[in-house]
Structures are given as structure tokens and as C-alpha cells.
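As the structure is a prediction and not an experimental result, all values here were calculated from the model. We use all heavy atoms of the structure for the numbers below, so side chains are in, but hydrogens, waters and symmetry mates are not. In this chain, numbering begins with 1 at the start of the sequence shown.
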Amino acid sequence: MKKNIAEIINISNEIYDNGLVSGKAGNISKRIKGSTGDIVAITPTLKSLSNLSQEDIVLVDMDGNALTKGNPSSEVNMHLEIYKKRPDVNAIVHTHSTYATGFAFSDKKIKRLEGFGQIKKPYLSEIKYEKPGSDELAKSASESIGDEDVLILKNHGVICVSDNLKEAKLLAVFVEETAKTQFITHLLNSFEE
């Protein structure tokens with residue numbers, strides 16, 4: 001278990017250092033499969049991802065019951081509902097990265113570019129705004145993720161899912177870089193010659 005928790009802390013630091021979250025925003029989790037049922041290790045609520053300790057990571061069962069001390073992220077239900085709908089997903093990274101979140105607050109969509117999987121749709125999937133931490137958000141996100149690996153939460157942020165944390169983090173970085181490139185493209189295309 002310590003190895004799994006250490007990985008969450010390392011990825012949390014990387015996400016913070018890459019500017020994908022700031023302040024106390026964002027959360028990540030990892031599903032740990034066990035013979036008596038799965039458990040989820042998740043970052044805590046109201047703590048920065050920049051400086052977590054082993055004791056900060058909260059373990060919950062698939063019903064959201066705490067197995068350790070501490071308070072899990074307010075988005076714990078969203079993570080759990082996605083895990084329940086997607087047995088192939090073992091890691092979730094939820095960021096508020098600047099450019100991708102800027103798109104989430106605008107009427108522009110982020111194009112799905114090559115570099116992270118097959119392009120099945122021209123744009124990254126989006127869901128309408130639901131209050132962060134709400135049951136409505138958990139339900140909407142888990143139902144809308146389908147077989148996608150990225151979901152844009154309107155007026156909120158980004159969810160990236162994968163079978164492992166490293167890939168989910170790399171996807172979050174790629175989404176932000178894609179959003180940044182598209183923002184610059186929109187800006188350059190707006191100039192008159």
C-alpha cells in the first residue's frame with residue numbers, strides 16, 4: 001500500500017509543478033484491486049497537491065466509506081462513480097489547468113489531436129456545469145465518460161482517466177498543451193495582415 005500512496009504523492013507533486021493545478025484545487029485517485037474488493041486511494045480535501053504526506057492520502061471503499069483517517073476530496077463520489085462504470089480505469093486525474101479550463105469556461109471546444117490515442121471524435125467530450133462535489137456532477141461525469149479518456153467539465157476543469165496514474169498524468173499534460181496550442185492558433189488567426 002505504501003508504494004501506491006507514494007505514487008499518488010509523486011504524481012500530485014508533478015501535477016502541481018507542471019502548473020496543472022494551483023492552490024488547493026484538483027485531485028487524483030488510484031483504484032487498488034484486492035481479493036476482498038477494490039479500494040480507492042484519493043487525495044484529501046482542502047489541501048494543496050504540492051506538499052502531501054503519506055498520512056494525507058485517504059483510503060475509501062467503493063461505497064465511499066473511509067478506511068483511514070482524514071477527509072477525502074470533495075470529488076470522491078465522481079471518482080467512485082467513474083470507477084464503477086469503467087472497470088478498465090484504475091487512475092483518475094482531475095485538474096484545473098489554465099488553458100484547458102479557459103476553454104471549459106468559453107464557447108470554444110478543444111480539438112482532439114493525435115498524440116494520445118485514436119481520434120474517434122473531432123473534439124474532447126464535454127458535460128454541462130454541475131456544482132463541484134455534487135451527486136449531479138458524479139452522475140453526469142460517470143455517465144458521459146463512456147469509453148473516452150478525457151472529459152471537459154464546463155466552467156470547472158478536466159478529468160483524465162487511464163489504467164495507471166502515469167498515463168493519466170501524461171494525458172492531463174497533453175490536454176493542457178493541446179489547449180495552449182489551440183489558444184495561440186485562435187489568437188494568431190484573429191490578427192489581420
Side-chain angles (χ1 to χ4, degrees), residues 1-34 38-62 64 66-101 104 110 115-117 124 132-133 137-138 141-142 145 148-153 156-180:
M1 186 61 67
K2 282 190 175 182
K3 184 178 175 186
N4 289 309
I5 291 173
E7 182 184 20
I8 289 173
I9 291 169
N10 289 337
I11 296 288
S12 294
N13 286 332
E14 290 175 19
I15 286 169
Y16 190 91
D17 292 344
N18 279 316
L20 301 180
V21 296
S22 61
K24 298 177 181 178
N27 42 74
I28 69 172
S29 70
K30 180 176 183 177
R31 183 202 322 240
I32 302 156
K33 299 195 177 196
D38 297 349
I39 61 172
V40 172
I42 189 165
T43 52
T45 192
L46 298 176
K47 283 206 173 184
S48 172
L49 296 186
S50 68
N51 193 23
L52 297 175
S53 67
Q54 294 249 340
E55 295 74 32
D56 291 324
I57 306 305
V58 181
L59 302 179
V60 298
D61 65 19
M62 291 300 287
L67 305 174
T68 56
K69 290 182 181 178
N71 294 313
S73 166
S74 61
E75 305 283 14
V76 66
N77 288 335
M78 180 177 70
H79 289 248
L80 293 173
E81 291 304 312
I82 291 172
Y83 287 131
K84 288 174 187 174
K85 290 252 184 355
R86 292 281 301 271
D88 61 313
V89 169
N90 295 312
I92 299 172
V93 170
H94 170 42
T95 66
H96 297 179
S97 54
T98 304
Y99 287 87
T101 302
I110 301 174
F116 230 100
L124 297 180
L137 177 59
S142 65
I145 194 91
E148 298 288 333
D149 52 6
V150 177
L151 191 60
I152 304 299
L153 311 178
H156 184 164
V158 181
I159 297 174
C160 298
V161 303
S162 183
D163 64 341
N164 67 76
L165 266 178
K166 183 177 179 185
E167 287 294 310
K169 181 208 75 167
L170 289 173
L171 182 54
V173 171
F174 184 75
V175 168
E176 179 64 358
E177 289 302 311
T178 299
K180 192 182 296 184

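Nearest approach of Val161 to Ala168, heavy atoms of both residues: C-CB, 4.5 Å. Across Val175 and Cys160, no two heavy atoms sit closer than the pair CG2-SG, 4.3 Å. The nearest pair of heavy atoms linking Val58 to Gly70 is CG2-C, 3.9 Å. Thr43 and Ser12 make their closest contact through CG2-OG, 3.6 Å (heavy atoms, listed as atom of the first residue, atom of the second, distance). In this structure, Ala172 and Thr95 approach most closely via the heavy-atom pair CB-CG2, 4.1 Å. Shown here for Ile8 and Ala41, the closest heavy-atom pair between the two residues is CD1-CB, 3.3 Å.
Only one option out of Leu124, Val150, Ile110 pairs with Thr178 in a side-chain contact (heavy atoms from CB on, under 4.5 Å); it is Ile110.
Checking Ser97 against Glu176 by side-chain atom types alone, a donor-acceptor pair falls below 3.5 Å. Side-chain atoms of Glu75 and Ser73 form no donor-acceptor pair, as typed in the model, at a separation below 3.5 Å.
Within 6.0 Å of the NZ atom in Lys84, the count of heavy atoms belonging to other residues, nucleotides or ligands exceeds 12. Under a cut-off of 6.0 angstrom, the local environment of CG in Asn164 is crowded, with over 12 non-hydrogen atoms contributed by other residues, nucleotides or ligands. Counted within 6.0 Å of NZ on Lys33, heavy atoms from surrounding residues, nucleotides or ligands total more than 12; the atom is thus considered enclosed.
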Start with the C-alpha gap between Glu55 and Lys69, add the side-chain angles, then the distance that decides, and say whether side-chain contact (heavy atoms from CB on, under 4.5 Å) holds.
CA-CA 8 Å; Glu55 295 74 32; Lys69 290 182 181 178; over 6 Å; no

Test side-chain contact (heavy atoms from CB on, under 4.5 Å) on Asn27 and His79; report intermediate values, then the result.
CA-CA 9 Å; Asn27 42 74; His79 289 248; 2.6 Å; yes

Give the intermediate values and the outcome of side-chain contact (heavy atoms from CB on, under 4.5 Å) for residues Leu165 and Val93.
CA-CA 8 Å; Leu165 266 178; Val93 170; 4.2 Å; yes

For a side-chain contact (heavy atoms from CB on, under 4.5 Å) check, start with the C-alpha distance between Leu153 and Val158, then their side-chain angles and the critical distance, and finish with the verdict.
CA-CA 6 Å; Leu153 311 178; Val158 181; over 6 Å; no

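Ring orientation note: the planes of His96 and His94 are nearly perpendicular, at an angle over 60° on the 30°/60° scale.
Side-chain N or O atoms of Ser50 include none that pairs as donor or acceptor with a backbone N or O of Tyr16 at under 3.5 Å.
Of the inter-residue distances, the one linking Arg86 atom CZ with Ile145 atom CD1 reads 6.0 Å to the nearest 0.5 angstrom. Taking CG of Asn13 as the start and CG of Asn51 as the end, the distance is 7.0 Å to the nearest 0.5 Å. Here OG1 of Thr45 is found 9.5 Å from NZ of Lys24. Values are rounded to the nearest 0.5 Å. Rounding to the nearest 0.5 angstrom, the gap separating the CD1 atom in Ile9 from the CG atom in Asp56 is 7.0 Å. Within the model, atoms CD1 of Ile159 and CD1 of Ile28 stand 14.0 Å from one another, a figure rounded to the nearest 0.5 Å. Between atom OG of residue Ser162 and atom CG of residue Leu170 there is a gap of 9.0 Å, rounded to the nearest 0.5 Å.
With contacts defined as side-chain heavy-atom distances shorter than 4.5 Å, the pair Glu7/Asn10 does not qualify. In this structure, the side chains of Pro44 and Leu52 come closer than 4.5 Å at one or more pairs of heavy atoms. Looking at Asp149 and Glu167, their side chains never come closer than 4.5 Å, going by heavy atoms from C-beta outward. By the 4.5 Å heavy-atom criterion applied to side chains, Val40 and Tyr83 are counted as neighbours.
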